[in-house]
*Asks:* 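Right, I'll just put the structure down here and ask away after.
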There are 2 protein chains.
Amino acid sequence: MTEDRQDTKNRLLDAAENLFSHKGFEEVSIRELAGAADVNVAAVNYHFQGKDNLYREVIRRRFIIQRDRTLAAIGRVLTENNGKPPLDSLIRSIVSLYLDASLSPKQDGAFLKLIVRESHSNGDHATPLFFKEMVAPVFRTFSNALMQARPRLEQEQVDWIIASIIGQIHHFIMRWQKRQSFPEDSEALQIMLNAFPALGLPVEEYIQEVTRHITQFSKAAIDTLYPEVSP
Amino acid sequence: MTEDRQDTKNRLLDAAENLFSHKGFEEVSIRELAGAADVNVAAVNYHFQGKDNLYREVIRRRFIIQRDRTLAAIGRVLTENNGKPPLDSLIRSIVSLYLDASLSPKQDGAFLKLIVRESHSNGDHATPLFFKEMVAPVFRTFSNALMQARPRLEQEQVDWIIASIIGQIHHFIMRWQKRQSFPEDSEALQIMLNAFPALGLPVEEYIQEVTRHITQFSKAAIDTLYPEVSP
DNA sequence: ACATAAATTAAACACAAGTTTGAATTCTGT
DNA sequence: ACAGAATTCAAACTTGTGTTTAATTTATGT
């Protein structure tokens, strides 16, 4: 029984993650969910006491994984450089981690769309959870690491820098998602590709190019605005 | 009759713009719409043949205004500087125009949320229209202006730069919206304000600060990555 | 092996959504 | 003033949603 319990519960969680991340909370019905997981419609309410709770569980499960990966990645860059990480290594590790997790089909797939979606959505389905368990720790750690890389930076300056970096990451993730959602021969897609040809690349190269751009763009801005004193 | 026709139709359009921009397409019901405009529920279908079409009309009406304002603003910066606009003036005019139109209550209010929402949404309610009539012309014009400001820039480099600027704009708009959606005493709001104190400012100052930051951040990056040749 | 608890199922419920209907009202041109 | 068209209205229709129910099946502990 505990065998089957975990089975249906996990099948539901897996299906939910898939569907939610591709279509969003509202756009996925319980019947669709149940169909994909091959369980009865009542299972959602039996095991999770409602759709909202299932969504929260999905988000939590993934958030924790990604949060831990992020903290680990930042920690790695720090220790590898004895507490004084190069700025570009730091930025690159964050950017590529999020792009990878969001876009790469080889990874866990599109699950990080959940995060982007959640941070842009208005629903209160999981927002408090999202902020408390995910945003806050990652922000603090990244913020501290940036101040290790550039000790003369003040907290407020770091806040602005992080906002600009995150904004770019989100935007390039969204662009890719949008690109994928268009029919291959649609006029809108043509316009999009014309305005931004990189969207025609394969995923891996897109991730690579975006990572390169955000990293060098942001580093250049930081170096110019807040120059290090020469030793 | 043509008097009343315009009256109910416009009342509906106005109410729709208000509600759609604050709550999004799905979250606004026809009954809510009709109630706010003080018309019968059937009016939407009578005058617009369905909710989708009403949404499209709302979007189009506002898109055209904002698009024309954008093109005019860029044109102004160009002529004021004899075709060689300073980079920061160019960026600042775009950024402040979009922040103003999106956040300022004195202006048309929150209508530009529509654009941000639309460019991040998955629905096909108005996306092709959005791309063809709005994104394409604005992109082309902004792109050309940037190449006037920095003649050595190549098209592909400009594409990346614009993406970074737009990404930042969207992100700061979203942050403000999200901030507004939180209860004043919620824990999530505390976390948010702690990670980004500028959200505690009044709107006008927020717009001012964000404009300043995006402008100098982006200009610094461009100047460093693609330096001008000295004459 | 059996009583009990857990889990699954098909069916129904309650509700809110967009839309349609057909009658009543208002406007328009003559 | 009147006929005909345009508009408004209350009400019903249709569909899809999340959830609940009550019966049935399956697993568990003794």
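Numbered from 1 within each chain, the chains take letters A, B, ... in sequence-line order.
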*Asks:* For B/D68, enumerate each residue passing the salt bridge (charged side-chain N to carboxylate O under 4.0 Å, His left out) test, keeping only those at least two apart in sequence or located in another chain.
*Replies:* none
*Asks:* Nearest whole angstrom, please: distance from the C1' of C/dT20 to the NZ of B/K51.
*Replies:*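 Result: 17 Å.
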*Asks:* Nearest whole angstrom, please: distance from the C1' of C/dA6 to the CG of A/D7.
*Replies:*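 So the CG-C1' distance, A/D7 to C/dA6, works out to 15 Å.
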*Asks:* Could you pull out all residues at least two apart from B/E32 that satisfy side chain to side chain contact (heavy atoms under 4.5 Å, CB included)?
*Replies:*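 Testing B/E32 for side chain to side chain contact (heavy atoms under 4.5 Å, CB included), a comparison that skips the adjacent residues, returns B/L19, B/K23, B/V28, B/S29.
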*Asks:* Side chain of A/T8, heavy atoms from C-beta onward: which of C/dT8, C/dT19, C/dA10 has the nearest atom to it?
*Replies:* C/dT8
*Asks:* With the threshold set at under 4.0 Å for non-hydrogen atoms, list the residues of residues 31-41 of chain A touching DNA chain D in residue-number order.
*Replies:* A/R31
*Asks:* Per the salt bridge (Lys or Arg N to Asp or Glu O under 4.0 Å) rule, what does the pair list look like for residues 182-200 of chain A, sequence neighbours excluded?
*Replies:* A/R179-A/E184, A/E187-B/K132
*Asks:* To the nearest Å, how far apart are B/Q49 CD and C/dG18 P?
*Replies:*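 In whole Å, C/dG18 P and B/Q49 CD are 16 Å from each other.
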*Asks:* Any Lys/Arg nitrogen of B/R61 or B/D14 sitting under 4.0 Å from an Asp/Glu carboxylate oxygen of the other?
*Replies:* yes
*Asks:* Please give, in whole Å, the distance from D/dA22 C1' to A/Y46 OH?
*Replies:*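 Nearest whole value for this atom pair: 14 Å.
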*Asks:* Who passes side chain to side chain donor-acceptor pair (under 3.5 Å) against A/S96, sequence neighbours left out?
*Replies:*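 Result, side chain to side chain donor-acceptor pair (under 3.5 Å) vs A/S96: none returned.
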*Asks:* Roughly, in whole Å, what's the span from CD in B/E26 to P in C/dA17?
*Replies:* 12 Å
*Asks:* Distance check needed: D/dT19 P versus A/L54 CG, whole Å only.
*Replies:*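 Checked: the CG to P distance equals 10 Å.
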*Asks:* Among D/dG18, D/dT8, C/dA10, find the nucleotide with the atom closest to the side chain of B/H47.
*Replies:*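 The closest nucleotide is D/dT8.
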*Asks:* For the pair made of CG in B/N45 and P in D/dC9, what is the distance, rounded to whole Å?
*Replies:* 15 Å
*Asks:* What is the distance from CD1 of A/I30 to P of D/dT15, rounded to the nearest Å?
*Replies:* 22 Å
*Asks:* Kindly list each side-chain donor-acceptor pair under 3.5 angstrom involving residues 138-146 of chain B, sequence neighbours excluded, with atom names and distances?
*Replies:*
residue: B/T141; atom: OG1; partner: B/P137; partner atom: O; Å: 2.8
residue: B/S143; atom: OG; partner: B/Q155; partner atom: NE2; Å: 3.1
residue: B/N144; atom: ND2; partner: B/R140; partner atom: O; Å: 3.3

